[in-house]
Amino acid sequence: MTLYNLLTAFVTAGVAAFIAIYNTDFIPVVTLGGTVLGSALLGFCSALLAFVLRKTARSRLLRCALEVVGCSCIIVSIAHFLPGWQLRFGLGSAIFLLLLCVLMAAINEFTLNETK
């Protein structure tokens, strides 16, 4: 069941990131393939981070805060390593990135929840 939850978190977070990035101008991406690849990387890395944090951190608030910080580091790394990605600096972009990271953390917390 854990692998199913991890894959569900990966796909859901990747699709949500793709929709958010494709429909806004805060992170301009040159090609559609770059948007798909970056969204898939963001979904996979954030789901993997949430999975590891679920095993190590017991406090839900601490886990969510670390997921938001980790997701922002993942986005900056993706923008640095993928050639078509650019980050615009400004208040609107900062708010968009914060909301995107909070969305990733919420999706991962919801889908990786193991209730019996």
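To the nearest 0.5 angstrom, L97 atom CG is 6.0 Å from L87 atom CG. Summarising the geometry, atom CZ belonging to R60 is positioned 6.0 Å from atom CG belonging to N113; distances are rounded to the nearest 0.5 Å. A distance of 10.5 Å separates CG in L66 from SG in C73, rounded to the nearest 0.5 Å.
For A9 against I107, the heavy-atom pair with the smallest separation is O-CG2, 4.4 Å. Of all heavy-atom pairs spanning I27 and Q86, the tightest one is CG2-O, 3.5 Å. For S39 against A17, the heavy-atom pair with the smallest separation is OG-C, 3.8 Å. Taking each heavy atom of A50 and L112 in turn, the nearest pair found is CB-CD1, 3.6 Å.
In this structure, R63 contributes its side chain and A57 its backbone to a donor-acceptor pair below 3.5 Å. With hydrogens and angles disregarded, no donor-acceptor distance shorter than 3.5 Å links the side chain of S93 to the backbone of G90. Between the side chain of T35 and the backbone N or O of Y22, no donor-acceptor pair lies under 3.5 Å. Side-chain atoms of W85 do not come within 3.5 Å of backbone N or O of P28 as any donor-acceptor pair. Put simply, the side chain of N108 gets close to the backbone of S46: a donor and an acceptor are under 3.5 Å apart. Using modelled atom types, one side-chain atom of N23 and one backbone atom of I19 make a donor-acceptor pair closer than 3.5 Å.
Tracing side-chain contacts under 4.5 Å through hydrophobic residues (I, L, V, M, F, W, Y), one reaches L37 starting from I21; they form part of the same cluster. Residue M104 is grouped with residue V29 when hydrophobic side chains (ILVMFWY) are merged at heavy-atom distances under 4.5 angstrom, including chains of intermediate members. In this structure, L42 is not a member of the same hydrophobic cluster as F10, with clusters built from ILVMFWY side-chain heavy atoms closer than 4.5 Å. Follow the hydrophobic side-chain contacts under 4.5 Å out from I74 and you reach V76 in the same cluster. Residues I75 and L103 are members of one and the same hydrophobic cluster, defined by side-chain heavy-atom contacts under 4.5 angstrom among Ile, Leu, Val, Met, Phe, Trp and Tyr.
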Report task. Please step through side chain to side chain contact (heavy atoms under 4.5 Å, CB included) for the pair F51 and N5, ending with a clear verdict. Result -> CA-CA 9 Å; F51 179 74; N5 291 344; over 6 Å; no
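Under the side-chain contact (heavy atoms from CB on, under 4.5 Å) test applied with T111, the options L6, V11, T8 reduce to a single match, T8.
No more than 12 heavy atoms of other residues, nucleotides or ligands lie within 6.0 Å of CZ in F44, so this atom counts as exposed by the packing criterion.
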